[in-house]
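A short worksheet on the structure shown next.
Atoms considered below: every heavy atom in the structure, side chains included; atoms not considered: hydrogens, waters and symmetry mates. Letters A, B, ... mirror the listed sequences (proteins, then strands); counts begin at 1.
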Amino acid sequence: MKDTPRRRATDRARARPVGFFGYLRLRHKLALMLTIAALLPVLGASTVAMRLVLAGLKSGVKTQTERTMRVALNLVLTNVKEVFEEAIRLSEQAGLSDLLLLDPQSTGELLQRKEQQLMPGLVEIADETGKVVGRRVVGGAQVASTLSSAEAIRGALSYERRVTIARGPSPGSPIVIRASAPVVDDAYQLRGAVVVSVPLDAEFADRLKAQLSADVVVYQLAAPTASSFVAVDGRREVGFAAPELVSDAVLKGSTRVIEANAYGRMFSVGYAPLQDYEGHRLGMLAVAVDEDALVAAKLSAWRSLALGGASAVLFALALAALLSRRLTRPLGHLHAGALAVARGDLDHRIVQETGDEIGDLAVAFAQMTRAVKENQERLAARMREIVTLHEIGRAVSSVLGLDEVLRKIVDEVAQVLGAERCALLLTRPDGGLSIGAGVRLQGAELLPALGEVLQRRGGPVRIEDVHQDDELKLPADNARVAGPLLAVPLEQKDRNLGLLVVTRGTDSPFTDGDLRLVATFANQAATAISNARLYDEVQKSSEELEIKVKERTFELVVANRELGKLLDELRAAQAALVHSERMAGLGQLVAGVAHEVNSPAAAIQGAVDNLAENVQRLARRARELSDTKLPPEDRMRFFALVEQLAPRLAGARVEAPALVRRQARELATKLAQLGVPNAENACRTLVEIGAAEAAYNLAQLAQSPAHDGEDPGAANIRSLEALTGYLEQYAYLFRNTHAIRTAIRRITRIVGALKGYSHLDQAKVSATDLHEGIENTLVILHSELKYGINVTRDYAEIPAVPVYVDELNQVWTNLIHNAVQALGGKGEVVIETRVEGAQVAVTVQDNGPGIPPDVMPRIFEPFFTTKPKGEGTGLGLGIVKQIVDKHGGKIDVTSLPGCTRFTVRIPIEGPPRALAPAAVRATPGTGMG
Amino acid sequence: MRRLSGAVVGVLLALVGCTPDKLASDQPLLVGRANDAIALDPARVTDSESAEVTEQIFDHLVRYKPDSAEIEPSLAESWDSADGRVWTFHLRKNVRFHDGTPFDAAAVVFSFDRQRDPHHPFHQDDFTYWENTFRNIQAVEALDSSTVRITIERSYAPFLSNLAMFPVSIVSPAAVRKWGSEFARHPVGTGPFRFVEWSPGERIMLASNPNYWGGAPKIQHLVFVAIRDARQRLVALEGGAIDVAENLSPEDLQFVALHPELTLLRVAANNVAYLAMNTTHPPFDDVRVRRAVNFAINKTAIVKLIYQGLAKPASTPVPPAMWSHVDETDYHYDRNEAMKLLAAAHYTRPAKRPRLFVMDTPRTYMPAPETVARIIQHNLRDVGMDVEVVVNDFETQVRMTQNGEHDLCLLGWTADTADPDNFLYVLFDPENAEPGTARNLAFFKNAELHGILSWAQESSDRHERERFYKKAQDLISHEAPWVPLAHGEAVVAARANLGALRVHPSSTVYFQRVYRK
């Protein structure tokens with residue numbers, strides 16, 4: 001056994017255990033498998049065999065029991081026959097018939113004499129009337145005297161010879177065999193009858209047992225009546241009970257064999273029915289076969305199985321151990337060999353030890369090693385070629401000059417192949433070849449001619465000796481070329497660019513490998529050539545392109561100048577439009593203002609008319625008041641109250657009539673509770689003028705003395721009414737004057753706003769409170785706003801900002817107007833002002849439907865409008881933007897359905913100087929700035 | 001490879017697990033009889049042992065229904081006759097003999113003609129029944145392959161019943177041609193069982209015919225064994241060695257009744273046991289003497305003692321199962337009446353005692369002939385007539401009585417057909433009273449009776465025939481040429497686990513439907 005290399009190798013290269021069985025070595029696996037292979041069949045076969053044997057034994061016992069049962073049955077029937085024959089013999093006894101005729105009583109003595117020949121039981125002799133005249137109990141059998149033999153006697157007296165099995169007199173008494181025969185004389189005249197009854201009792205059971213070698217139990221129906229079993233104390237057992245299932249089945253006519261445990265032992269018991277002549281089942285007969293033998297057999301069978309199994313295991317293990325070692329040793333050698341190869345020692349040889357599969361493996365291994373070695377060498381050669389190619393490739397890709405590339409190629413080819421001559425021939429435009437580059441081409445000027453001949457052949461040409469070829473012989477001589485020749489065409493995209501020709505010494509023809517190499521070089525050359533050509537073309541093209549570009553640029557400049565002119569014209573037109581728009585806006589403004597002024601004027605007129613009447617009524621009420629003869633201090637108090645209330649009453653709201661009536665009623669009720677009844681009228685008046693809280697005070701003041709013949713209460717009412725009446729008129733007076741004042745204020749405001757708004761021609765910048773401008777605008781637009789538009793102001797502290805006031809006002813107008821339009825006349829408008837760094841931001845927000853995203857980019861475009869034709873020019877927002885730009889500010893818009901915000905941001909320091917009005921460009925804004 | 005080894009293992013396991021239970025159902029059914037068959041060519045057979053076997057192997061044109069005397073189709077599906085003379089039978093199709101040859105009209109013609117025509121190449125000398133029963137067949141012709149025409153001498157009512165008898169079973173012409181007279185040892189028919197082999201004196205083995213037209217039998221093998229001793233037969237039955245035992249002695253039959261695994265099959269058989277008085281020998285030429293004898297004999301005692309109850313006392317020759325049976329009798333056991341009649345006939349003791357011939361062996365219809373003779377002897381002595389009992393062996397008995405050598409004889413008769421003609425004509429007609437071949441052992445020649453019986457034979461009206469036969473019985477009873485003693489039962493003992501086992505009144509058991517439970 002070689003050891004050292006193996007041990008070294010195995011130390012470094014053990015397989016990783018895979019899976020559960022991976023921890024076992026092959027020998028162990030073999031050993032295990034062999035053991036199993038040996039054991040399984042053995043165990044399997046022996047278990048099966050044992051099962052069979054035991055089953056056989058069992059069925060053997062069963063069969064034996066059945067057989068014994070049948071034998072028992074037959075013995076019983078034999079007994080029956082014997083009883084029958086005894087009855088017949090007795091009936092044919094010589095002299096019996098005479099005896100019956102002459103001296104019936106002495107038949108008993110006859111029986112006594114014959115007792116020895118009779119079976120244990122009861123023998124009866126009857127005369128021809130059926131009366132029993134002779135009777136003998138034989139053998140001391142405990143047969144009760146009340147056996148009903150009357151029927152048997154009757155049968156016998158009708159000449160019948162019959163034997164049957166009958167029941168005992170009581171359920172616990174044994175079954176009885178009964179035979180009857182007629183006694184006839186020589187003339188076959190009936191003289192009497194003989195009946196023999198033999199019970200199947202314990203003695204009977206013993207007799208059966210002696211013949212069967214098995215115990216016997218006799219049953220009447222399902223109850224045991226007699227058996228051969230004797231207890232240890234010598235007492236006779238009556239027998240064991242049968243399972244109900246069994247007795248049911250047996251009493252229906254079948255036989256059964258079961259296993260039963262009785263008296264401490266296991267028995268196989270066979271049951272058979274006992275039936276009478278008519279087939280009625282009267283009881284059962286059971287034979288019990290001892291099963292101890294069977295049990296013992298079972299035990300010994302198991303024992304031997306265990307023993308056999310154990311020895312099989314041991315034997316198998318030993319054999320397995322021996323075998324596996326022998327098998328795995330050659331594998332170890334293979335292992336060492338593999339490791340040697342891995343190390344790189346390809347000369348290592350495996351020795352074939354055995355002629356089996358492992359030996360095959362060893363042989364194959366050696367082959368493999370050889371092949372690996374050869375391949376290695378081949379690979380090395382290949383590597384060299386590849387390196388060369390790599391060089392060439394690099395050269396080709398780095399050097400653009402075609403001549404250099406070609407030169408490099410032929411040099412390399414000549415070097416690698418060890419060529420004598422090497423030439424790259426290029427195809428001229430006229431189809432011929434010329435030398436592009438070459439190595440050792442002295443004297444080979446006529447090589448192209450040879451090349452042309454070769455080229456005509458099409459495809460690569462490899463010749464062992466060019467002089468052997470008739471066609472090439474002459475051109476080759478001319479070109480001073482001899483020996484092996486290799487020519488590969490240069491082809492690029494089906495264009496033949498040239499030919500690469502190589503020649504070598506006569507004793508080394510070109511191999512396939514050489515051909516492949518040259519072909520690769522030829523490809524490289526072809527690629528290089530076509531690359532070079534392409535490069536030239538590119539150069540030419542780019543020059544031409546430059547010229548063209550120059551021409552184009554000149555044309556563009558000219559066009560640009562013309563465009564500039566057009567632009568100026570457009571701008572002028574735009575300014576004019578803006579102006580006219582402003583005019584239009586102004587017209588709108590004037591109309592609005594006129595409308596606005598109308599209403600306060602009317603209000604004033606109305607109030608004045610009212611006042612006239614008011615004053616008259618007031619005078620009357622004053623008179624009434626004086627009639628009440630209020631004490632002076634009350635009067636003073638009243639007037640003070642009036643003065644106190646009146647201004648408040650001026651601004652009181654008008655309530656709904658129903659509400660007024662309710663409140664009046666409540667008030668009157670309260671007053672009544674306080675002792676001032678019937679004050680409804682007064683209360684109503686007070687409520688109407690909004691002076692309900694003064695009711696009580698007035699009531700108190702109205703406590704005036706009554707006129708003569710007048711109810712004091714009525715007088716109080718009268719007074720109260722007078723007071724309230726005066727108060728009422730006073731209130732109206734105030735109201736009217738208040739209305740006039742309000743209207744006048746309004747007019748003043750409108751006029752003021754107008755003034756502030758129409759700084760049309762003042763193209764001058766002045767620091768302004770932007771809020772004022774916004775307010776003015778709101779006033780101007782009041783008519784638009786007052787129905788349904790809710791304006792909310794969210795003003796912050798903002799500094800005065802130098803602005804073009806009127807223009808900015810236009811902005812506010814536009815934005816608010818747009819908002820109103822968007823809201824359709826009903827909604828919320830919020831105006832915010834903020835300071836943002838160096839800017840002031842004014843936001844106009846509405847909760848209208850919003851600006852759709854597709855419209856958004858264009859809203860600041862001049863003439864862009866979403867309104868139908870005729871409704872607005874759409875210049876609004878465009879102008880707004882212009883104005884904002886003029887101020888050096890920015891306008892932004894965000895819009896979602898329900899919230900559209902236009903935010904104007906204006907630098908606090910004012911509009912920049914550089915942005916003169918004329919420089920405003922009419923370009924569409926981006927809107928989303 | 002793996003699959004193969006798996007298969008091998010599977011096979012081994014299967015073999016191991018195989019139990020022998022299956023084989024039980026193929027157990028043959030054994031029938032034990034007293035004697036072996038004599039021959040198995042149905043036309044040549046006369047004994048019941050042979051007939052029982054041939055009845056399993058062959059079919060006839062018609063057969064009896066299982067429990068009655070009615071005729072039903074067998075190999076003939078239908079038949080018609082306009083005049084009672086020419087009968088056309090339409091045969092069953094697609095039936096084959098056991099040797100594979102087809103059953104057709106030609107086979108029927110062959111079966112009949114070989115018996116009818118003495119010049120037939122396969123005629124034998126001992127076609128006994130043909131002589132007695134089928135003499136009147138004139139011609140048998142095949143009209144086509146499934147139609148046969150039989151012409152008889154004259155219209156004969158029992159004709160159809162006779163065709164249900166075993167002698168006219170249809171045999172395979174091919175087999176007869178092949179075996180010649182040895183056909184009796186190599187029978188080939190169309191029946192439910194086919195012949196396998198015969199160890200003479202021991203056993204005959206039959207196997208089931210799976211293609212039987214009436215349904216294949218469930219029993220695969222049927223074996224008839226001969227066990228001479230009756231007690232041994234009983235023991236074999238009790239032990240299970242045989243499944244069916246025939247001809248057990250009546251006493252032994254009691255044990256069968258007591259045995260839980262055995263069962264008794266009883267059926268009223270078509271037979272009669274009788275005491276015939278030779279009316280040509282005095283004193284029995286006097287009707288009064290004959291009547292006296294009728295009164296003198298104690299039939300009850302005989303039936304009970306001898307038959308052990310397995311018989312009925314006879315009142316007339318015609319058994320109770322047969323139609324036209326008359327139950328009433330003119331006679332009963334009455335010594336005084338007998339003595340009165342003897343006195344009226346001026347009977348005196350003759351010098352030579354009248355001889356009573358009796359056979360020594362039990363017959364189906366009479367289990368203990370000698371004892372019967374003794375009882376009768378005693379009965380007669382009791383009324384003052386002294387007779388001598390002469391015991392013969394059966395063959396001698398038959399010969400001597402056929403010659404008319406007896407004064408009194410004890411014999412019996414088992415019918416071959418279920419037609420009263422088979423009793424009354426055969427046993428009482430003057431035509432059958434020729435010494436040497438006589439069946440009418442009373443040699444009773446009564447012209448009136450002859451007329452009645454002839455008429456009945458020709459009539460095809462059943463009711464009319466019944467009237468005739470009743471009249472005939474009255475006449476016979478009145479003239480008392482016999483003392484009809486008993487009609488025995490056909491009794492067969494069998495194991496209780498056989499199903500559909502029935503005894504035919506002809507004492508034959510048909511095994512086609514029998515099965516093991």
Worksheet item: So among Leu73(A), Val250(A), Thr255(A), which one has a side-chain contact (heavy atoms from CB on, under 4.5 Å) with Pro260(B)?
Response: Leu73(A)
Fill in: Point-to-point distance, once rounded to the nearest 0.5 Å, from CG of Leu262(B) to CG of Leu77(A)
8.5 Å
Worksheet item: Between Gln254(B) and Arg161(A), is there a donor-acceptor pair closer than 3.5 Å when you use the side chain of the first and the backbone of the second?
Response: yes
Worksheet item: Backbone N or O of Val71(A) within a donor-acceptor pair of the Glu238(B) side chain at under 3.5 Å?
Response: no
Practice prompt. With side chain to side chain contact (heavy atoms under 4.5 Å, CB included) as the test, would you mind laying out the steps for Arg231(B) and Lys81(A) before giving the verdict?
Written response: CA-CA 12 Å; Arg231(B) 215 11 111 76; Lys81(A) 286 171 198 165; 4.1 Å; yes
Check: [Y] and [X] side chains under 4.5 Å, non-hydrogen atoms:
{"X": "Glu160(A)", "Y": "Gln308(B)", "value": "no"}
{"X": "Asp382(B)", "Y": "Gln189(A)", "value": "yes"}
{"X": "Leu258(B)", "Y": "Val76(A)", "value": "no"}

For [X], does the [atom1] atom have more than 12 heavy-atom neighbours from other residues, nucleotides or ligands under 6.0 Å away?
{"X": "Arg67(A)", "atom1": "CZ", "answer": "no"}
{"X": "Arg228(B)", "atom1": "CZ", "answer": "no"}
{"X": "Glu278(A)", "atom1": "CD", "answer": "yes"}

Response to the item:
In terms of heavy-atom pairs under 4.5 Å with chain B, the winner among Gly253(A), Ala272(A), Ser158(A) is Ser158(A)
Which region of [X], side chain (C-beta onward) or backbone (N, CA, C, O), has a non-hydrogen atom less than 4.5 Å from a non-hydrogen atom of chain B, or is it both or neither?
{"X": "Arg162(A)", "value": "both"}
{"X": "Pro182(A)", "value": "side chain"}
{"X": "Asp276(A)", "value": "backbone"}

Between [X] and chain A, with a heavy-atom cut-off of 4.5 Å, which part of the residue counts as in contact: side chain, backbone, both or neither?
{"X": "Tyr333(B)", "answer": "side chain"}
{"X": "Gln377(B)", "answer": "neither"}
{"X": "Arg374(B)", "answer": "both"}
{"X": "Leu234(B)", "answer": "side chain"}

Worksheet item: Closest approach of Val163(A) and Phe255(B), non-hydrogen atoms and distance?
Response: CG1-CE2, 4.0 Å
Discussion item. Quick one, Asn298(B) with Tyr159(A), criterion side chain to side chain contact (heavy atoms under 4.5 Å, CB included). Give me CA distance, side-chain angles, the key distance, then yes/no.
Written reply: CA-CA 11 Å; Asn298(B) 186 351; Tyr159(A) 285 99; 3.2 Å; yes
